[in-house]
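Note on naming: letters A, B, ... go to the chains in the order of the sequence lines (proteins, then strands), and numbering restarts at 1 for each one.
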Protein chains: 2
Amino acid sequence: MNTDFREKLQEKGLKVTPQRVAIFEAILKLNNHPTAEDIIAFIKTNHPNISVGTVYKVLDTFVENNLLKKVKTEKDSMRYDPHVANHHHLYCYETERIDDYEDEKLNELISNHFKTHKIKNFKIQDIKLQITGKFNNQ
Amino acid sequence: MNTDFREKLQEKGLKVTPQRVAIFEAILKLNNHPTAEDIIAFIKTNHPNISVGTVYKVLDTFVENNLLKKVKTEKDSMRYDPHVANHHHLYCYETERIDDYEDEKLNELISNHFKTHKIKNFKIQDIKLQITGKFNNQ
DNA sequence: TTATGCAAAGATAATCATTCTTATTTAGGA
DNA sequence: TCCTAAATAAGAATGATTATCTTTGCATAA
């Protein structure tokens, strides 16, 4: 998977740097749509000299190249998702947890609905559900 | 409608102040889910002495008392919606425009879907669609 | 081998939205 | 009218993010 990631960088004409690898690995390991801050804290142990600006710049580069997605939240800090295929999110209203949610049947249902119920003066590109609620422990 | 708003404030035990009235009127007039900045700019003409901190505090008070909703965006500034009943949003990917979208049939469709397709370990409280796309001019 | 070019990273200052602090003012009931 | 809690003003502080400017690393050409 590491090699996989390196290949993706190269496909996009991006250099494979230790910082980029470390940041991507951090996101995979952190695993709950981390903030830039989470990532910085995580990397600090192995890469104490990594610069905050670099993290933000690398994250932007990844988003531009579709290696990451930004996740909308109510709060002020952006979160990142290594899962770039189309999917929805479950937001917990008590904790900061955000889970991915995939549901092909639901997608079809919605897409069929809009085939027969066009929104006037609007061309749909993408539909995402924000499902707010509460996780049963664990 | 002005009297209406004053009554709402009083019902909640909130004082009716010129600032609160001005801020609420601004949001109604601005009419595209304004940011705090939009509101401040708008009010400046009639209330040159209104304080930035006041605007933020009043907005928070309104949100707490369900006179406004916050709207999630990809950007860093929060936007506000005087339409507090449950509804979805249309986001333009080219401009900052956000429109409300109501669709009772769609809500039923989705709600029925989740009756038969429970999400494991998650209790749904609310579902909102972020429909991204492009408005045809106008 | 050495020079050149350029993307990437480091350091840190700057920005921008938002929040906080403290003093002052005001709305609305007694 | 007076009183008091609630609300506002002013502006400093915070925190996330962006910008700037310099340096580094590495590939390619001379």
Side-chain angles (χ1 to χ4, degrees), chain A residues 5-6 8-27 33-44 46-65 67-68 70-80 96, chain B residues 2-3 5-27 30 33-44 46-65 67-68 70-80 96:
Chain A
F5 172 67
R6 286 161 184 273
K8 275 185 197 160
L9 282 180
Q10 284 168 335
E11 278 168 27
K12 315 266 181 180
L14 297 171
K15 291 184 181 167
V16 179
T17 67
Q19 291 85 346
R20 283 174 175 168
V21 173
I23 289 167
F24 201 80
E25 281 175 352
I27 293 166
H33 306 86
T35 62
E37 201 194 349
D38 295 332
I39 295 163
I40 292 161
F42 184 91
I43 304 184
K44 271 281 156 55
N46 296 325
H47 300 257
N49 297 326
I50 203 157
S51 167
V52 172
T54 299
V55 174
Y56 280 100
K57 238 178 299 175
V58 168
L59 290 172
D60 278 354
T61 306
F62 288 174
V63 171
E64 277 165 23
N65 288 278
L67 298 167
L68 281 187
K70 290 188 173 189
V71 180
K72 285 190 172 81
T73 73
E74 213 95 24
K75 301 297 183 58
D76 44 3
S77 42
M78 193 54 69
R79 296 174 67 163
Y80 296 89
E96 305 286 271
Chain B
N2 204 305
T3 346
F5 172 66
R6 287 162 182 270
E7 278 168 14
K8 275 185 196 160
L9 283 181
Q10 283 168 334
E11 278 168 26
K12 315 266 181 180
L14 297 171
K15 290 182 182 174
V16 179
T17 66
Q19 291 86 346
R20 284 175 175 168
V21 173
I23 290 167
F24 201 79
E25 282 175 350
I27 293 166
L30 285 167
H33 305 85
T35 62
E37 201 194 349
D38 295 332
I39 296 163
I40 292 162
F42 184 90
I43 304 183
K44 269 282 155 54
N46 296 324
H47 300 257
N49 297 326
I50 203 156
S51 166
V52 172
T54 299
V55 173
Y56 281 98
K57 227 176 310 170
V58 167
L59 290 171
D60 278 354
T61 305
F62 288 173
V63 171
E64 278 166 23
N65 288 278
L67 299 167
L68 282 186
K70 290 186 173 190
V71 180
K72 284 190 174 80
T73 72
E74 213 95 21
K75 302 296 185 54
D76 45 3
S77 42
M78 193 53 69
R79 295 174 66 164
Y80 296 88
E96 305 287 88

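Using a 4.5 Å cut-off on side-chain heavy atoms (C-beta onward), Ile40(A) and Ile50(A) make no contact. Within the 4.5 Å cutoff, the side chain of Val71(B) has no heavy atoms near those of the Met78(B) side chain. Counting heavy atoms from C-beta outward, Val21(B) and Arg6(B) have side chains that approach closer than 4.5 Å.
Nucleotide dT17(D) holds its P atom 10 Å from the CD1 atom of Ile39(A), rounded to whole Å. Atom-to-atom, CG of Leu59(A) to P of dA16(D) comes out at 14 Å; the value is rounded to the nearest Å. Protein atom CG of Asp38(B) is 14 Å distant from nucleotide atom C1' of dC16(C), rounded to whole Å. The separation between Met78(A) atom CE and dT18(C) atom P is 12 Å, rounded to whole Å. Following rounding to the nearest Å, Ile50(A) (CD1) and dA8(C) (C1') show an atom-to-atom distance of 11 Å. In this structure, Glu64(A) places its CD atom 13 Å from C1' of dT18(D), rounding to the nearest Å. dA8(C) atom P lies 14 Å from atom NZ of Lys12(A), rounded to whole Å. In this entry the distance linking CG of Leu9(A) with C1' of dA8(C) reads 12 Å, nearest Å.
A pairwise comparison of heavy atoms in Leu68(A) and Phe24(A) identifies CD2-CE1, 4.2 Å as the closest pair.
The backbone N or O of Lys72(A) sits nowhere less than 3.5 Å from a side-chain atom of Lys72(B) that would complete a donor-acceptor pair. Under the 3.5 Å distance criterion, the side-chain polar atoms of Lys70(B) are left unmatched by any main-chain donor or acceptor of Tyr80(B). In terms of modelled atom types and a separation under 3.5 Å, the side chain of Asp38(A) and the main chain of Thr35(A) share a donor-acceptor contact. At least one donor-acceptor pair under 3.5 Å links the side chain of Arg20(A) to the backbone N or O of Lys15(A).
Judged by distance alone with a 3.5 Å cut-off, no donor-acceptor contact links the side chain of Ser77(A) to the base of dA16(D).
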For residues 53-60 of chain B, which side-chain donor-acceptor pairs fall under 3.5 Å, sequence neighbours excluded?
none

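Projected onto DNA chain C by closest heavy-atom contact, Thr61(A) and Ser51(A) fall at different nucleotides, the more 5' of which corresponds to Thr61(A). Residue whose closest nucleotide on DNA chain D sits further toward the 5' end, between Glu37(A) and Arg20(B): Arg20(B). Each of Pro48(B) and Arg79(A) has a nearest nucleotide on DNA chain D; the 5'-most of these lies closest to Pro48(B).
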Encode nucleotides 19-30 of chain C as B, S and - characters from 5' to 3', where the letter depends on protein heavy atoms closer than 4.0 Å: B to the base, S only to sugar-phosphate, - to neither.
BB------BS--
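Within the helix from dT1(C)-dA30(D) to dA30(C)-dT1(D), the inter-axis angle between the opening and closing five-pair segments is 20°, rounded to 10°.
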